[in-house]
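Letters A, B, ... mirror the listed sequences (proteins, then strands); counts begin at 1. Given the structure is predicted, the values throughout are model-derived calculations rather than measurements.
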Number of protein chains: 2
Amino acid sequence: MDPRFITYLEKTLKEVSIDCVIFGFHEGELKVLLLKWKGTEWWSLPGGRIYLEESADDAVVRILQERTGLKEIFLQQFYTFGGNDRYKNTPSQGLREKLEQLFGDDFYDEKYMKRNVSMGYMALADFEQAVTTPDWYTDECKWWEISAIPELLFDHNEMIERALKALRRQLSYQPIGYNLLPEKFTMPELQRLYETILGKQLDRRNFQKLMLSYDILEKLPEKRTGGAFKSPFLYRFDKEKYDKAMQDEILFSV
Amino acid sequence: MDPRFITYLEKTLKEVSIDCVIFGFHEGELKVLLLKWKGTEWWSLPGGRIYLEESADDAVVRILQERTGLKEIFLQQFYTFGGNDRYKNTPSQGLREKLEQLFGDDFYDEKYMKRNVSMGYMALADFEQAVTTPDWYTDECKWWEISAIPELLFDHNEMIERALKALRRQLSYQPIGYNLLPEKFTMPELQRLYETILGKQLDRRNFQKLMLSYDILEKLPEKRTGGAFKSPFLYRFDKEKYDKAMQDEILFSV
DNA sequence: GCAAAAGTGTTAGCTATACACCCATGT
DNA sequence: ACATGGGTGTATAGCTAACACTTTTGC
């Protein structure tokens, strides 16, 4: 092996990991799945690493299934974090000690705990179907409202910010909802999803007209009963047309 | 160190690299900078690795400067390639032999040549200012017209496809041109840039109206002379307003 | 019967698009 | 003088955005 190349390889970064921003939607609120580290009050995003025989996308599918039990899920990488100060900006005191306690005294040895590059993936999960399960180094797994997320470990707050921005942009050229809503849903529910993601109010009538114009919804003869008001119709996505719109990246102007 | 964690680390991928799709614009054509491997007819994208003390963005700036001599350049990551078959799909025969010849007999040893994850960055370079320089393992550095790019090593053709798609999308919410055009340029030149990137013809009058409406251009009193026709006015980007539009991600509907 | 929420249609303003004539320049 | 390409304005269609009244339901 050319010695120049060996030197080069040894001087360069060799660590990659994955972090997932898993969005869910429940009771009119957009939520994110977070993990609490054992014996602490520190929260972080679920994540993991890529096995040698896996692709990065496979690894995310595996991680998501481990944390939510869901297999069919929308997922997409939104940014890869390659900063050299990603661990320095951690908000919590005593992190190093805690990590050494959790992982072993030599955790911060150069051999294992080099700074790394992290691929950020966002996922859209059906809140009602998800069965959340913590990691082996975390003891709680909880959905947090997007507006109430605490200070997280490392650069995970920034990751959520970016994921949300990517999700909003996504909304403008692809339909969203299939993986975030139950199979049957009402137009006001879909609207609330859009409003939550976009962070602004939309006009009821215009929203309905627009959504129907995309021709990806199927109006069902049933209605949702139980509310103290007029029963709204139920809708369902026409998966075939939905997937086509997804593929075509039709412009959705909301 | 917890033995479970050591096992986990050993079973996971640890290689990251960077590949750059450097766009230039010259004579009405969008071009990409490619490198030819020593003693072969194989072309690939310029790339490199991240030094331990660098951020990924720093590494790209360094790589770009090495290849083009340019320092002020627009750059942005567009996708991170994490497939587990990225080297398998190489088009050329005899690649392994050539790599061993170039890098040493043990190049394919597990220790160095594991499959890796690659961060794809796109860059917009001023064609006229760039002084291109090959790598230490390449002997030629050439701008290729986007429509005439040959079959490249590894998954680099796919990378260019994706970069171009990202560039087109970019066009719809951020201004483009500052880094691709010389300081002063004419409206038809700007239009040709847009047409080349979008791959379609635009109406001269509507294009001009639209561009001026964004209020990022400064009309200069000078004209470009030398053509066998009416001299067009020169324009310049108002850098401050341009940067603001860049920041705000105003919707540009071309 | 009343409060809360959902169903529905029309209009105005704006933006995107299509289009034509005149002007400057080099040959 | 003529061929080539550039400068400019207007009219139309289509889309977005604003807006009000009626209906259903549970309490």
On DNA chain D, does the nearest nucleotide to B:D203 precede the nearest nucleotide to A:G226 from the 5' side, or the other way round? Give the residue. B:D203
Against the side chain of B:K230, the closest entry in D:dA17, D:dG7, C:dG7 is D:dG7
Relative to the ring of B:W143, is the ring of B:F127 parallel (under 30°), tilted (30 to 60°) or perpendicular (over 60°)? tilted
Salt bridge flag under 4.0 Å for residues A:E29 and A:R192: no
For A:Q201 and D:dA17, what is the distance between atoms CD and C1' respectively, to the nearest whole Å? 15 Å
Measure CZ/A:F207 against P/C:dT8 and give the value in whole Å, please. 15 Å
What is the distance, rounded to the nearest whole Å, between atom CG of A:L212 and atom C1' of C:dG9? 14 Å
Which nucleotide in the set C:dA16, D:dG6, D:dG9 lies at the smallest distance from any side-chain heavy atom of B:R204? D:dG6
Would you indicate which nucleotide in D:dT16, C:dT8, C:dT17 comes nearest to any side-chain atom of B:N206? C:dT17
Tell me the interatomic distance from B:Q208, atom CD, to C:dA18, atom P, rounded to whole angstroms. 18 Å
When you check the gap from the basic side-chain N to the acidic O, do B:E158 and B:R162 get nearer than 4.0 Å? yes
In whole angstrom, what separates B:L198's CG from C:dA16's P? 15 Å
To the nearest angstrom, how far is A:E195 atom CD from C:dA5 atom P? 13 Å
Could you check how far CZ of A:F233 sits from P of D:dT23, rounded to whole Å? 15 Å
Carboxylate-amine/guanidinium proximity below 4.0 Å for B:K165 and B:E161: no
Taking only the side-chain heavy atoms of B:K209 (C-beta and beyond), determine which of C:dC21, C:dA18, D:dC21 contains the nearest atom. C:dA18
Side-chain ion pair, B:R62 and B:E66, N-O less than 4.0 Å: yes
Given D:dG6, C:dA18, D:dA20, the nucleotide with the shortest approach to the side chain of A:R205: D:dA20
Among D:dT8, C:dA5, C:dT8, the nucleotide that comes nearest once only the side chain of A:F229 is considered: C:dA5
Please determine if a side-chain N or O atom of B:K219 lies less than 4.0 Å away from the OP1 or OP2 oxygen of D:dT8. yes
Rounded to the Å, how far apart are B:K200 NZ and C:dT17 C1'? 12 Å
